[in-house]
Amino acid sequence: MVDYEAAKQAVKALLEAIGEDVNREGLKDTPDRVARMYAELTAGAGEDAGKHLQVTFRSDSDGLVLEKDIIFYSTCEHHLMPFMGKAHIAYLPSGKVVGLSKLARTVETYARRLQIQEQLTSQIADAIDAYLAPRGVMVVMEAEHTCMSARGIKKAGSKTLTYACRGEFTDNAQLRSDVFALIKE
């Protein structure tokens with residue numbers, strides 16, 4: 001939960017520390033806007049992603065389920081700068097499935113926290129594994145990090161790819177290869 005007054009004061013202090021006049025017209029309301037923005041960007045911190053995965057449906061299907069190109073935005077916990085990209089979730093049902101929008105909501109919940117991409121990928125895989133108990137799950141995330149593209153090395157367009165495997169995906173290279181091929185389609 002964001003303490004708006006403390007956040008506003010912190011933004012004001014930061015602006016002053018970098019030499020800005022916090023009373024000039026363009027900056028007068030900036031501390032309030034930034035406090036509200038961070039409340040939105042970190043809204044997933046107080047949420048249990050499992051709530052999205054609790055409602056399941058019985059299914060005899062044992063074929064691969066792949067939800068791909070789930071757009072996400074997150075905030076790097078090292079620089080407080082955005083990173084954004086696509087998440088792809090594959091799982092092998094074991095008697096139950098979840099509504100496809102619930103996979104996207106799970107991504108959103110974990111992405112709306114101060115994060116690193118590696119942790120984000122694992123958290124999503126762990127949640128799906130825990131709530132759906134599938135035969136296997138694979139989460140692939142590709143993202144551009146503005147802490148690398150807009151500052152520092154300044155390599156715009158570079159992408160970071162992470163993936164996490166659980167269950168049958170862990171030891172089955174062909175299954176992983178199939179998922180990567182489907183993602184590229």
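Between Phe180 and Tyr163, the gap from one ring centroid to the other is short of 6.0 Å.
Asp178 places none of its side-chain heavy atoms less than 4.5 Å from the side chain of Leu64. Side-chain contact between Cys76 and Ile116 is absent, with no heavy atoms from C-beta onward closer than 4.5 Å. No side-chain heavy atom of Ile70 sits less than 4.5 Å from a side-chain heavy atom of Glu108.
Shown here for Leu53 and Tyr131, the closest heavy-atom pair between the two residues is CB-CB, 3.6 Å. Across every non-hydrogen atom of Ser74 and Arg113, the tightest pair is OG-O, 3.4 Å.
Ring geometry for Phe83 against Phe72 counts as perpendicular: the plane angle is over 60°, on a 0 to 90° scale with 30° as the lower cut.
Grouping Ile, Leu, Val, Met, Phe, Trp and Tyr residues whose side-chain heavy atoms lie under 4.5 Å apart, directly or via other members, places Val2 in a hydrophobic cluster with Tyr4.
Remark: Glu168 engages Arg135 in a salt bridge, criterion side-chain N to carboxylate O under 4.0 Å.
If you check the side chains of Ser149 and Glu144, you find a donor sitting under 3.5 Å from an acceptor.
Taken to the nearest 0.5 Å, the OG1 atom of Thr160 stands 4.0 Å off from the NE2 atom of His145. Distance check: His88 NE2 to Asp69 CG gives 5.5 Å after rounding to the nearest 0.5 Å. Taken from OG1 in Thr109 to NZ in Lys51, the straight-line distance is 6.5 Å, to the nearest 0.5 Å.
A side-chain hydrogen bond (donor to acceptor under 3.5 Å, both in side chains) check over residues 5-19, counting only residues at least two apart or in different chains, returns the pairs Glu5-Lys8.
Of the candidates Gln117, Gln119, Glu118, Gln117 is the only one forming a side-chain hydrogen bond (donor to acceptor under 3.5 Å, both in side chains) with Thr162.
Applying the side chain to side chain contact (heavy atoms under 4.5 Å, CB included) criterion to Ala181, with sequence neighbours excluded, gives no partner residue.
Thr42 places a side-chain N or O within 3.5 Å of a backbone atom of Tyr38 that can act as its donor or acceptor partner.
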